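No experiment lies behind these values; they were computed from the predicted model shown.
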Amino acid sequence: MVYTIYRAFHLLWTGFLAFLTAIPILERGGLERAVLGETFFLMIWLLGAALLFSKRFNVYGMIFTLAPLVFTAPVFIFILSI
């Protein structure tokens, strides 16, 4: 029960980060070559969200849903350091 609640919160906060990753896609209005990296990480997050609630692959789902965090954290740190 506690693990199910944790998975739900994990999806919420990683989903928020996936939305932050999708902001360039929403601003440009299309899938140009410059935003293919963001789209790739969103698709990995969706795959992780699907795997998160399977009994066999839930650990892989947690890893895949963390992909937007791994992608956006260095970008935000670089932007803040300028």
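Note on F53 and Y6: same hydrophobic cluster, where clusters join Ile, Leu, Val, Met, Phe, Trp and Tyr whose side-chain heavy atoms are under 4.5 Å apart, directly or indirectly. Following chains of ILVMFWY side-chain contacts shorter than 4.5 Å, one cannot reach V70 starting from L47, and the two form parts of different hydrophobic clusters.
By the 30° and 60° cut-offs, the orientation of the rings of Y60 relative to F57 is tilted.
Residue T65 comes nearest to G48 through the heavy atom pair CG2-C, 3.5 Å, listed as atom of the first residue, atom of the second, then distance. Contact detail for L52 and R7: the closest heavy-atom pair is O-NH1, 3.1 Å.
Residues M62 and T14 fail the side-chain proximity criterion, which asks for heavy atoms closer than 4.5 Å.
Looking at residues two or more places apart in sequence or on another chain, you find a side chain to side chain contact (heavy atoms under 4.5 Å, CB included) between I44 and F40, F64, A67.
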